[in-house]
There are 2 protein chains.
Amino acid sequence: MQFALATAGLAPLLNAGSAPHLGPRQEAGVGSRRRFEADEEIYAEGDRAAHFYKVVSGAVRTYKLLDDGRRQIAGFHLPGDIFGVEAGEEHRFGAEAVTETTLAVHRRSDREALARDGGALAREVVAAMMGALDRAQEHMILLGRKSAKERIASFLLGLAERTRSATAVELPMSRGDIADHLGLTVESVSRSLTQLERAGIIELPTNRRMVVLRDKATLRRLDA
Amino acid sequence: MQFALATAGLAPLLNAGSAPHLGPRQEAGVGSRRRFEADEEIYAEGDRAAHFYKVVSGAVRTYKLLDDGRRQIAGFHLPGDIFGVEAGEEHRFGAEAVTETTLAVHRRSDREALARDGGALAREVVAAMMGALDRAQEHMILLGRKSAKERIASFLLGLAERTRSATAVELPMSRGDIADHLGLTVESVSRSLTQLERAGIIELPTNRRMVVLRDKATLRRLDA
DNA sequence: CGACTCTTTGAACATGTTCAACAAGCGTGG
DNA sequence: CCACGCTTGTTGAACATGTTCAAAGAGTCG
């Protein structure tokens, strides 16, 4: 729904410009599959942006590093998400597989794939970029103005929503990844989670890559 | 240049989808002018996104508020910048004039204006969105990982670059606006500026809405 | 089982915030 | 033109949140 709206609203802006200038027929497919193991690099910051990707299974992080090693993870990409679409010629962020991951790889210039099914993929790509902008701006509020506990609450609720999981949320990423996404340290992430558990709001099974949201209402209240 | 690249790179993705479906001829113009006084609201968060805007003169801030009044300013828009383009049906952020400001207002659905000059405006709009994404993601690093002094250094350098001003940068916005953009408090902004001045890196004329960048090299080094 | 990594916990510390007061512009009006 | 009052900006001191440093516990995989 949101997807449809986004595309519909944007279409007049995007299409008034230049007419599609289709090149010769090229080999396409629905995008070749490629598998990456955990922590494997998909592309580096500054690489030529020859492809974009859709997550089939697994999880991906896009990030940027400062010279002294500080890292900011711009976002996590879960199955169904598209990432790696760039405005310019090169990737502005690096991308790595968080866990073992399968991607559908699309050549950026593959017009045939983009036009298939009335441009379903193209619309999906545009929607992905719009969504990325929305999420980036929403994340700015989190990073600029929210407390550690609020950040964690936001993060857990967002993840639950994205994975459509009622209460049990799987965390593909480490505490360190979460910290670098939320602008915190590992210790702060761990402490905040522990506090939420002590308050009975969440549950942390022995498998630490899982969280059970016991009390979403309170969690939502915690998220400013 | 960057503009051309951005548009060129994106075109294949954007145009493969649906053909432009031009409606009846409509009154267009290059966008009607509208004047706003300082702190006047241009649109509120949640308003229907019927128009988008280009700054002719002055400055605009786009922002979002949390329930308890905390504010995050997503960005400042200076002459030449386009803002207010949305993926969905409504504005996700509010917009206010920072100083007395003149805007060119474009009806979102005005295909004629968008197509004029071979779609120059349409390309500009797309580039604007791409640029917004870039800046939003870059800002995430600042908010997530940089210290107060680094944030101020980044901010001053960025402003100098955007206004193409060699050394003297005008600050249309208050310390409070800067704080809410950089995820700090007014006091921290003021202190950081004072420190930079004491270190001889910048100069703060008695007119506090001005900054002279005395030592850009050091400033760049301070910005991580 | 043992070595490794990841996570948690504790204690000292630091950066930036909060609270408070003062200073400095600026605009208004006498 | 100056006085007044308001807004904006600066400075100081106490404080708090989250960080840093250190170590121990837990899970995993060879």
Side-chain angles (χ1 to χ4, degrees), chain A residues 37-39 61 66 68-72 98-100 142-156 170-199 202-211 222 224, chain B residues 37-39 61 66 68-72 98-100 142-156 170-199 202-211 222 224:
Chain A
E37 53 184 86
D39 296 320
R61 57 179 174 253
L66 294 178
D68 62 356
R70 280 175 286 177
R71 181 179 64 155
Q72 177 64 40
V98 174
T99 57
E100 182 166 320
L142 181 147
L143 293 172
R145 286 299 176 221
K146 292 189 184 178
S147 72
K149 238 173 297 180
E150 290 169 343
R151 294 181 197 204
I152 294 289
S154 266
F155 179 69
L156 293 178
E170 206 200 320
L171 304 175
M173 69 295 287
S174 71
R175 300 292 192 263
D177 283 345
I178 298 174
D180 284 349
H181 182 48
L182 301 183
L184 300 169
T185 59
V186 226
E187 294 93 334
S188 291
V189 170
S190 184
R191 275 186 249 272
S192 298
L193 285 171
T194 303
Q195 284 175 35
L196 291 178
E197 184 176 41
R198 292 226 175 94
I202 63 171
E203 213 170 296
L204 298 166
T206 47
N207 167 16
R208 256 60 248 285
R209 292 298 176 94
M210 196 117 238
V211 179
L222 278 181
Chain B
E37 54 184 85
D39 297 321
R61 57 178 176 256
L66 294 179
D68 61 356
R70 280 176 285 178
R71 180 179 65 156
Q72 177 65 40
V98 173
T99 58
E100 183 166 320
L142 180 146
L143 294 172
R145 286 298 176 224
K146 292 189 183 175
S147 72
K149 236 174 298 180
E150 289 169 344
R151 294 179 197 205
I152 294 289
S154 267
F155 178 69
L156 293 178
E170 205 201 322
L171 305 175
M173 69 294 286
S174 71
R175 301 292 192 265
D177 284 345
I178 298 174
D180 284 348
H181 183 49
L182 302 183
L184 299 169
T185 58
V186 226
E187 294 93 333
S188 291
V189 170
S190 183
R191 275 187 249 273
S192 298
L193 286 170
T194 304
Q195 283 175 36
L196 290 178
E197 184 176 40
R198 292 228 175 91
I202 64 171
E203 211 171 297
L204 297 167
T206 47
N207 168 14
R208 256 64 245 287
R209 293 297 178 92
M210 196 118 238
V211 179
L222 277 183

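Note that this is a predicted model, so its numbers are computed, not measured. Numbers restart at 1 for each chain; the letters A, B, ... are given by sequence-line order, proteins then strands.
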Compare all side-chain heavy atoms of A:Arg145 with those of A:Glu150 and state whether any distance is below 4.5 angstrom. no

Find the distance between CZ (A:Phe155) and CG (A:Leu171) and round it off to the nearest 0.5 Å. 6.0 Å

I want to check one thing: is the phosphate of D:dG27, taken as OP1 and OP2, less than 4.0 Å away from some side-chain N or O of A:Arg175? no

How would you label the contact of B:Arg70 with the nucleic acid (heavy atoms, under 4.0 Å): base, sugar-phosphate, or nothing? nothing

Give the nucleotide from the list D:dG9, D:dG18, C:dG16 with an atom nearest to the side chain of A:Leu184. D:dG18

If you pin A:Asn207 and A:Ala148 to their nearest nucleotides in DNA chain D, which one's is more 5'? A:Ala148

Between A:Arg208 and D:dG27, does any side-chain N or O lie under 4.0 Å from OP1 or OP2? no

Among D:dT20, D:dT11, D:dG18, which nucleotide has an atom closest to any side-chain atom of A:Ser188? D:dG18

Less than 4.0 angstrom between a side-chain N/O of B:Thr194 and OP1 or OP2 of D:dT11, yes or no? yes

Please tell me which of A:Val186 and A:Arg145 maps to the more 5' nucleotide of DNA chain C, matching each residue to the nucleotide holding its nearest heavy atom. A:Val186

Rounded off to whole Å, could you give me the CD-to-C1' distance for the B:Glu100 and C:dG27 pair? 16 Å

Under 3.5 Å, is there an N or O donor on one side and an acceptor on the other linking the side chain of A:Arg151 and the base of D:dG18? no

Looking at B:Glu203 and B:Glu197, would you say the former's side chain and the latter's main chain have a donor-acceptor pair under 3.5 Å? no

When you compare the side chain of A:Gln195 with that of A:Ile152, does any pair of heavy atoms fall below 4.5 Å? no

To the nearest Å, give me how far apart CD1 (B:Ile152) and P (D:dT10) are. 10 Å

Taking atom C1' of C:dG10 as reference, at what distance in whole Å does atom CD of A:Gln195 sit? 14 Å

Between D:dG18 and A:Thr185, is there an OP1 or OP2 to side-chain N/O distance shorter than 4.0 Å? no

Using atom CD of B:Glu187 as one end and atom P of C:dG16 as the other, report the distance to the nearest whole Å. 14 Å

Minimum-distance nucleotide (side-chain atoms of B:Ser147 versus C:dT7, C:dT9, C:dG16): C:dG16

Using a distance-only criterion (donor-acceptor N/O pair, under 3.5 Å, no hydrogens), is the base of D:dT20 paired with the side chain of A:Arg191? yes

Specify the separation, in whole Å, of atom CZ of B:Arg209 and atom C1' of D:dT7. 10 Å

Calculate the interatomic distance between B:Leu182 atom CG and C:dT17 atom P; express it in whole Å. 11 Å

Is any side-chain heavy atom of B:Leu196 closer than 4.5 Å to a side-chain heavy atom of B:Val211? no

Using atom CD of B:Glu197 as one end and atom C1' of D:dG9 as the other, report the distance to the nearest whole Å. 13 Å

Rounded interatomic separation in angstrom, taking CG from A:Leu171 and P from C:dT7: 9 Å

